[in-house]
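Order of the sequence lines fixes the chain letters, A, B, ..., with proteins taken first and strands second; residue numbering starts at 1 for each chain. In what follows, every heavy atom counts, from backbone to side chain, and hydrogens, waters and symmetry copies are set aside.
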Amino acid sequence: MTMRILIGDDHPLVQAALRSALSTVLPDLDIIACQSLDEAVSVLSAQSDEIDLILWDLTMPGIQGFAALFILSAQFPMVPVAIISARQDAATIRRAIAYGASGYIPKSLSLPEMAEAITKILAGEIWMPPNVGGRGSIQSADVELAARMASLSAQQLRILTMIVEGKLNKQIAGELDIAEQTVKGHVSTILRKLGVGSRTQAAVLAERLSFRQPGGA
DNA sequence: GATAAGTGACGCAAGTACTC
DNA sequence: GAGTACTTGCGTCACTTATC
């Protein structure tokens, strides 16, 4: 049976390494590489029922931290999402799992180890590096907050990440090629869904969920 | 007054549930 | 299966409020 994996990573070398690692243990493997969230969403919208796993890099351009995880999990709940990242501190790994990731694969792993991890995730296991601990150390308030974040649409999450970056409505409108009034409408919806009264409070909440690139890297 | 943030309302499109 | 109603998300407009 052919397994199909979508890789979201903007580094061709990483894509090539993953392709090499997986081809040794999964000969019938079809890998789809995406370099942006929009590209990934487009692919998944067309064939989400044919994708067995999403491997997502936390430091993709244009989408910060765990925001992409929320978007992909919310829009395509039937497709497991595993995080692949150069960052490997226990807190980040536990957060990823708590926020719904099916696994967390540090890029420092050897290719055989990566292949083993991905094989287990494909088998339905939650995989993370040893000595990290379970999701129990994540505060329940953060999990509840994550659920509220997940209620946001993809466009709303994009706008929220830009708010976290300190961008003005006008700047957000320019980057998304929509009217400033449209951005304001989305901001109002975001504030209502998150139960906050201002974009500053929304940004603070998003910061708690690491909507910036972890560690600034 | 200028600028930015925020709200409410509207139309449109897509998806879903229900009825026949 | 076809038609209808409802919900949700997106985009826009007009307007108010706050700040400088």
Side-chain angles (χ1 to χ4, degrees), chain A residues 4-8 10 30 32 34-83 95-96 98-102 140-213 216:
Chain A
R4 187 164 291 178
I5 296 179
L6 186 150
I7 297 176
D10 59 325
D30 185 10
I32 303 171
C34 295
Q35 298 190 8
S36 70
L37 178 64
D38 285 342
E39 189 179 350
V41 169
S42 177
V43 170
L44 287 161
S45 296
Q47 47 184 315
S48 65
D49 54 340
E50 299 173 13
I51 304 293
D52 298 292
L53 175 66
I54 301 169
L55 287 177
W56 194 261
D57 185 357
L58 276 184
T59 56
M60 289 283 279
I63 190 80
Q64 309 295 314
F66 293 114
L69 174 61
F70 287 117
I71 293 173
L72 294 171
S73 298
Q75 290 195 21
F76 309 101
M78 302 306 293
V79 186
V81 182
I83 299 299
R95 277 176 177 270
Y99 297 159
S102 297
S140 60
D142 276 359
V143 175
E144 180 188 339
L145 179 56
R148 273 189 278 169
M149 290 290 180
S151 73
L152 301 179
S153 68
Q155 186 78 323
Q156 289 160 0
L157 281 165
R158 284 193 191 94
I159 290 173
L160 179 57
T161 61
M162 293 181 180
I163 291 174
V164 173
E165 292 167 6
K167 292 177 179 172
L168 304 176
N169 289 340
K170 188 175 291 185
Q171 293 174 299
I172 296 171
E175 291 193 22
L176 296 181
D177 196 25
I178 58 179
E180 183 182 353
Q181 297 293 339
T182 300
V183 176
K184 292 179 181 179
H186 284 307
V187 171
S188 287
T189 304
I190 291 167
L191 300 184
R192 191 182 68 249
K193 285 186 175 181
L194 296 183
V196 297
S198 72
R199 64 202 291 122
T200 304
Q201 290 177 301
V204 169
L205 288 183
E207 282 274 315
R208 276 176 54 185
L209 298 186
S210 301
F211 264 48
R212 286 185 190 277
Q213 291 186 7

Student: In whole angstroms, how far is the C1' atom of C/dT8 from the CD1 atom of A/Ile190?
Tutor: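 That distance rounds to 16 Å.
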Student: Taking all atoms of both residues into account, what is the closest heavy-atom pair of A/Ile51 and A/Ile54, and its distance?
Tutor: CG2-CG1, 4.4 Å
Student: Rounded to whole angstrom units, what separation is found between the CG atom of A/Leu160 and the P atom of C/dG9?
Tutor: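 Result: 15 Å.
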Student: For A/Gly8, does its backbone N or O pair with a side-chain atom of A/Asp57 as donor and acceptor, under 3.5 Å?
Tutor: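 Here the side-chain-to-backbone pair does not exist.
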Student: For residues A/Ala101 and A/Ile83, report the shortest heavy-atom separation together with the two atoms involved.
Tutor: CB-CG1, 4.0 Å
Student: Between C/dG11 atom C1' and A/Lys184 atom NZ, what is the distance in whole Å?
Tutor: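 Atom NZ in A/Lys184 sits about 14 Å away from atom C1' in C/dG11.
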